[in-house]
Trainee: 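Have a look at this one before I ask anything.
For ligands, and for the atoms within them, numbers begin at 1 and follow the listed sequence.
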Amino acid sequence: MMQRWVVERSRLSLISLLSVLLPALSLSAAVSATTQSDLTAAGQPPLKWYAETQSIMGTRVHVEIQHEDEAYAAVTVATVMAEMHRIDHAFSPYKETSEISLVNREAGAGWVEISDEMVALLQKSAEISNLTSGAFDITYASVGRYYDYREGKAPDENSIRAAIHAIDYRHVELEPNRVRFKHPLVSIDFGGIAKGYAVDRGIEILLARGVVQGSVSAGGDSRILGDRAGKPWTVGVQHPRDSNKMAVLLPLVDTAVSTSGDYERYFEQDGVRYHHILDPSTGRSAAGAWSVTVLGEHAMITDGLATSVFVLGPEKGMALINRLSAVDAIIIDPNGRMTYSDDLSGL
Ligand code: ADP
Ligand code: MG
């Protein structure tokens, strides 16, 4: 894939793009503020934009598209939102009636029949686990389910020791239409890819309905379709220790971007920050970074890789990104130092 995220390939533009600090947008990777219309070249009528924001999957979902017909645009955006709700209902481990809750209840005891969509998500998860040597692992939830970030609760050493052996993506045995866990205490959670997946599904809906300019975002996962009235979209990466600031502004065209940060869901106890990205080898929060932003073609991949690189830490994480084609990363390490993957720093 062509690299389309840095539009002006000069050193000057890189410096001005990557080191600006701007007043906050409220999202960790917020798409530039909506305007009702953008002026096109002189003499042409302004383009019409349609935008909507909803709370879905425990986060802010924002869809913004350009279309001449407002009624058509409204139906299109509603279709994307409905798809997000559907994905939430099927794959939220917090909903007892979801397919993933059924699997978590029964797959430890034997085979469970599952949907094609569940099979595809399990396959993709296994691929990302293999690619990242297990830094990404949906069975992290075997321990992860004992954390409650809102209540400020973390499992004690004994509870971790009792469940840590259930964390291993190779415990998930998949056949074309069924799954089982090879360890009775396994629990899975698609939290590391679900938002990216939902964003990709949203973009597919836009494409199928003939939209050529738009964006879909769910919390820290966004994907941009086309440009914005001839100019790139601007996606900001939040400063990980000052929510009023942006650490980076990225000009993007036809790109997915995901940010994983230790500031999204966390509590502090005795000077330790307990946050929602867990190192599968310890069952504890990974400490290798403040935030990781990954750019690529599909949001499910950038989402999964951002979580993975966070676990791997700056050194191993950046080495992985530089080995892969068509993905880039910006890592802010625990000293607040920002590093870029080769394709971004070589500009
Ligand atoms: P968010 O966009 O929800 O802030 P991320 O994309 O950074 O978060 O992913 C964090 C989520 O991924 C966690 O809330 C959890 O559901 C899941 N997760 C945490 N650790 C791992 C891991 N090592 N592998 C896979 N998924 C994980
Ligand atoms: Mg992620």
Side-chain angles (χ1 to χ4, degrees), residues 27-30 55-62 84 87-88 91-94 98 100 104 121-122 124-150 154 164 166-172 186-200 217-223 237-238 240 243 256-267 274-294 296 299-313 316-317 329 331-332:
L27 300 174
S28 57
S55 276
I56 312 174
M57 302 184 287
T59 196
R60 260 169 58 109
V61 171
H62 183 75
M84 301 278 188
I87 291 170
D88 189 27
F91 300 111
S92 168
Y94 303 107
S98 69
I100 196 166
N104 279 335
L121 283 171
L122 288 169
K124 199 42 97 176
S125 299
E127 273 172 41
I128 302 175
S129 294
N130 282 318
L131 195 66
T132 61
S133 315
F136 183 89
D137 192 329
I138 56 172
T139 68
Y140 87 90
S142 312
V143 171
R145 67 200 187 98
Y146 298 115
Y147 286 84
D148 187 332
Y149 301 97
R150 239 177 260 167
I164 190 83
I167 302 185
D168 189 334
Y169 61 98
R170 288 160 294 203
H171 289 327
V172 180
V186 169
S187 203
I188 59 169
D189 187 331
F190 292 123
I193 50 167
K195 288 177 203 158
Y197 173 65
V199 164
D200 283 338
S217 65
D221 302 288
S222 306
R223 190 165 151 193
V237 176
Q238 187 182 312
S243 60
V257 55
S258 294
T259 298
S260 287
D262 68 0
Y263 51 85
E264 287 287 342
R265 235 179 303 153
Y266 75 96
F267 63 92
Y274 294 89
H275 66 82
H276 68 320
I277 301 168
L278 297 192
D279 182 337
S281 66
T282 63
R284 290 284 185 209
S285 303
W290 278 354
S291 89
V292 173
T293 298
V294 175
M300 178 158 56
I301 299 298
T302 57
D303 190 2
L305 284 178
T307 307
S308 311
V309 169
F310 197 107
V311 171
L312 290 168
K316 284 187 193 160
I331 301 177
I332 305 181

Trainee: Could you list which atoms of ligand 1 come closer than 4.0 Å to a heavy atom of G191?
Mentor: 9 (O), 11 (C), 12 (O), 16 (O), 17 (C)

Trainee: Over all heavy atoms of both residues, which pair between F310 and A286 is shortest? Give the atoms and the distance, please.
Mentor: CE2-O, 3.4 Å

Trainee: Excluding sequence neighbours, so at least two apart, what forms side-chain hydrogen bond (donor to acceptor under 3.5 Å, both in side chains) with S125?
Mentor: none

Trainee: If you measure every N or O of E264 against every N or O of ligand 1, does any of those distances drop under 3.5 Å?
Mentor: no

Trainee: Quick check on contacts: which atoms of ligand 1 are under 4.0 angstrom from a heavy atom of T307?
Mentor: 5 (P), 6 (O), 7 (O), 9 (O), 21 (C), 27 (C)

Trainee: Closer than 4.0 Å to some heavy atom of S260 - which atoms of ligand 1 meet that?
Mentor: 5 (P), 6 (O), 7 (O)

Trainee: Which option, H276, H275, R265, owns the non-hydrogen atom nearest atom 13 (C) of ligand 1?
Mentor: H276

Trainee: Distance from N130 atom CG to Y169 atom OH, nearest 0.5 Å?
Mentor: 4.5 Å

Trainee: With rounding to the nearest 0.5 angstrom, report the NZ to OG distance, K195 to S222.
Mentor: 11.0 Å

Trainee: Side chain or backbone of T59 under 4.0 Å from ligand 1, or both, or neither, by non-hydrogen atoms?
Mentor: neither

Trainee: Under a 4.0 angstrom heavy-atom cut-off, which atoms of ligand 1 come close to K195?
Mentor: 1 (P), 2 (O), 3 (O)

Trainee: Can you check which of Y140, Y169, F190, Y263 brings a heavy atom nearest to atom 26 (N) of ligand 1?
Mentor: Y140

Trainee: Looking only at distances, can you tell me whether any N or O atom of L278, backbone or side chain, sits closer than 3.5 Å to an N or O atom of ligand 1?
Mentor: yes

Trainee: With rounding to the nearest 0.5 angstrom, report the OG to NE2 distance, S142 to H171.
Mentor: 7.5 Å

Trainee: Any nitrogen or oxygen of P280 lying under 3.5 Å from a nitrogen or oxygen in ligand 1? Just yes or no.
Mentor: no

Trainee: Which of the atoms of ligand 1 are close to D221, meaning less than 4.0 Å from one of its heavy atoms?
Mentor: 2 (O)

Trainee: Under the salt bridge (charged side-chain N to carboxylate O under 4.0 Å, His left out) test, which residues partner R170, sequence neighbours left out?
Mentor: D168

Trainee: Under the side-chain contact (heavy atoms from CB on, under 4.5 Å) criterion, do Y197 and D221 qualify, and how do the steps go?
Mentor: CA-CA 9 Å; Y197 173 65; D221 302 288; over 6 Å; no

Trainee: Is it the case that ligand 1 has an N or O less than 3.5 angstrom from some N or O of A135?
Mentor: yes

Trainee: Can you tell me how far apart OG (S187) and CD1 (I100) are? Round to the nearest 0.5 Å.
Mentor: 8.0 Å

